[in-house]
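Heads up: the structure comes next, in structure tokens.
Protein chains get the first letters and strands the later ones, always in sequence-line order, with residue 1 at the start of each.
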There are 2 protein chains.
Amino acid sequence: MAKSRRRPADKFEERRRELAESALVTLGELGYARTTLREIASNSEFSHGVLHYYFSDKLDLIVFCVQLYKARCVHRYDAVVESSTTPDELLDGFLGKLAETIVEEAPMHRLWYDLRSQSMFEEALREPVRVIDQTLEDMVWRVVCRYAELLDVRPMMTPALAYGLLDGLFQLALHGYTAGREDALTTLQDEVRAVVALLFRDALETSAV
Amino acid sequence: MAKSRRRPADKFEERRRELAESALVTLGELGYARTTLREIASNSEFSHGVLHYYFSDKLDLIVFCVQLYKARCVHRYDAVVESSTTPDELLDGFLGKLAETIVEEAPMHRLWYDLRSQSMFEEALREPVRVIDQTLEDMVWRVVCRYAELLDVRPMMTPALAYGLLDGLFQLALHGYTAGREDALTTLQDEVRAVVALLFRDALETSAV
DNA sequence: AAGGAATCTGGACAATCGTCAAGACAGGGG
DNA sequence: CCCCTGTCTTGACGATTGTCCAGATTCCTT
């Protein structure tokens, strides 16, 4: 119906993505509760009516935004994982990226935790949020597995456990950074270092020459 | 002005608390974004106009609710901490309470994480949320300290670290429970057990007879 | 160039929000 | 007893929201 016949290609999809990118900026600034369709449109080069041409519904738009967010952030640590050849190099690189993303993508992280909270009240958000949560867990698990591999041990935890631990510290640091505490980033790095040191104590002791 | 002269006592404060309790129920069900003053009033025995007699503002009401929430949940683990005489007894009791509160106070926990997310976008919420966060950190720290004490070791972590680790796992379990995964509670308990076992490995090995 | 489909605009709609104020009700001190 | 003050109800207000639609505009095919 609304889709292409003249434009067989994904001109339609392209504009959807373009509008969703605009929406993500607004959502990151204002959060879910305060974001309106008119505000989203005014931060783009289109009028507010066009949103209902590309999205059936406000929730349809937001769900699409959430999925778009996922696609962008999932491979954040892949380069570090692949290029590192020692445990320390991997840990340092990972912690660097961790602090970097809080500084440079803070609105997006705030939005993510906001939407994840909303998913507990809004049924329609639950499934897309679950998928992203799983993707993030995989992302963390790849780092942990590589770290254990470089230490020549097997990771003594589950993927969910690793994700839960890291996510709790990350969220705490994001709140601290948002509140203007400058030591939030280095504190996060120190904490993760401490946890890793404790969890991989055996391997780290035996590998120390 | 609005306060008491005839009623010198805290009849005024009493009703504020009563209305805030009603508001907490509604907030727990609907979340911050979808909760309206009329909905709050309709879940109480009063009309919607009375809310502006006891609260200057919607945010004033919600901030008061948040502080009321704190007062109720902070001493959740005190009995277990004080009555336990062995590390295992403390851990078991703590894990029991942990799962229990997810089941029996799920709406309140959902609301807490919702409001904490909102505080990243709403300046006025930041300070009361920070206070509660600190209180929760203290609550967790009392458990950790007691556990270490019963093991006759010093806890090898900071209060913020302990809180961040546990909160991440707790939040994950709350999401799982909300999504209807029945194993979320036992998974949480297993995960916490695993982390404690890893973090206190030395003490647990030497204390084993 | 012309026509039609795709795209976009801007205004209008009903619904709902927080807020407010005028008046009804209650109850205790004169 | 009445009146004053604190308490509560009710209805209204302006603002804002998501949604919809009639028409203007653009763009491609023929």
Residues 78-110 of chain B vs ring pair (Phe, Tyr, Trp, His ring centres under 6.0 Å), sequence neighbours excluded, gives B:Tyr77-B:Phe94, B:His109-B:Phe170

Applied to residues 36-49 of chain A, the side-chain hydrogen bond (donor to acceptor under 3.5 Å, both in side chains) test, sequence neighbours excluded, yields A:Thr26-A:Asn43

Whole-Å distance, B:Asp60 CG to C:dG18 P, equals 14 Å

note: A:Arg16, atom CZ; C:dT7, atom P; distance rounded to Å ~ 12 Å

For residues 181-194 of chain A, the salt bridge (Lys or Arg N to Asp or Glu O under 4.0 Å) pairs (sequence neighbours left out) are A:Asp92-A:Arg193

note: B:Leu51, atom CG; D:dT9, atom P; distance rounded to Å ~ 10 Å

Ranking C:dT19, D:dG6, C:dT7 by distance to the side chain of A:Phe12, first place goes to C:dT7

message = Students often get this wrong, so: under 4.0 angstrom with heavy atoms, is B:Phe55 touching a base, only sugar-phosphate, or nothing?
response = nothing

Atom NE2 of B:His48 and atom C1' of D:dC13 are separated, to the nearest Å, by 12 Å

Side-chain atoms of B:Lys58 come closest, of D:dT19, C:dG18, C:dT7, to C:dG18

Separation of C:dT7 atom P from A:Glu18 atom CD, nearest Å, is 13 Å

key: Phosphate OP1/OP2 of C:dT19: any B:His52 side-chain N/O under 4.0 Å   = yes

Contact check, residues 34-47 of chain A vs DNA chain D, heavy-atom distance under 4.0 Å, returns A:Thr35, A:Thr36, A:Leu37, A:Arg38

Here the side-chain hydrogen bond (donor to acceptor under 3.5 Å, both in side chains) pairs for residues 119-128 of chain A, sequence neighbours left out, are A:Tyr32-A:Glu122, A:Glu122-B:Arg34, A:Glu123-A:Arg126, A:Glu127-A:Arg130

Taken to the nearest whole Å, OH/B:Tyr32 to P/C:dC17 is 14 Å

From CD of A:Glu14 across to P of C:dT7 the rounded distance in Å is 12 Å

Separation of D:dT26 atom P from A:Lys11 atom NZ, nearest Å, is 15 Å

* To do: Hey, can you tell me if A:Phe12 and A:Tyr54 have their rings parallel, tilted or perpendicular (30° and 60° cut-offs)?
  => tilted

So side-chain hydrogen bond (donor to acceptor under 3.5 Å, both in side chains) across residues 153-166 of chain A, not counting sequence neighbours, yields A:Asp133-A:Tyr163

Taking A:Glu105 first and then A:Arg72, would you say they form a salt bridge - that is, a charged N and a carboxylate O separated by under 4.0 Å? no

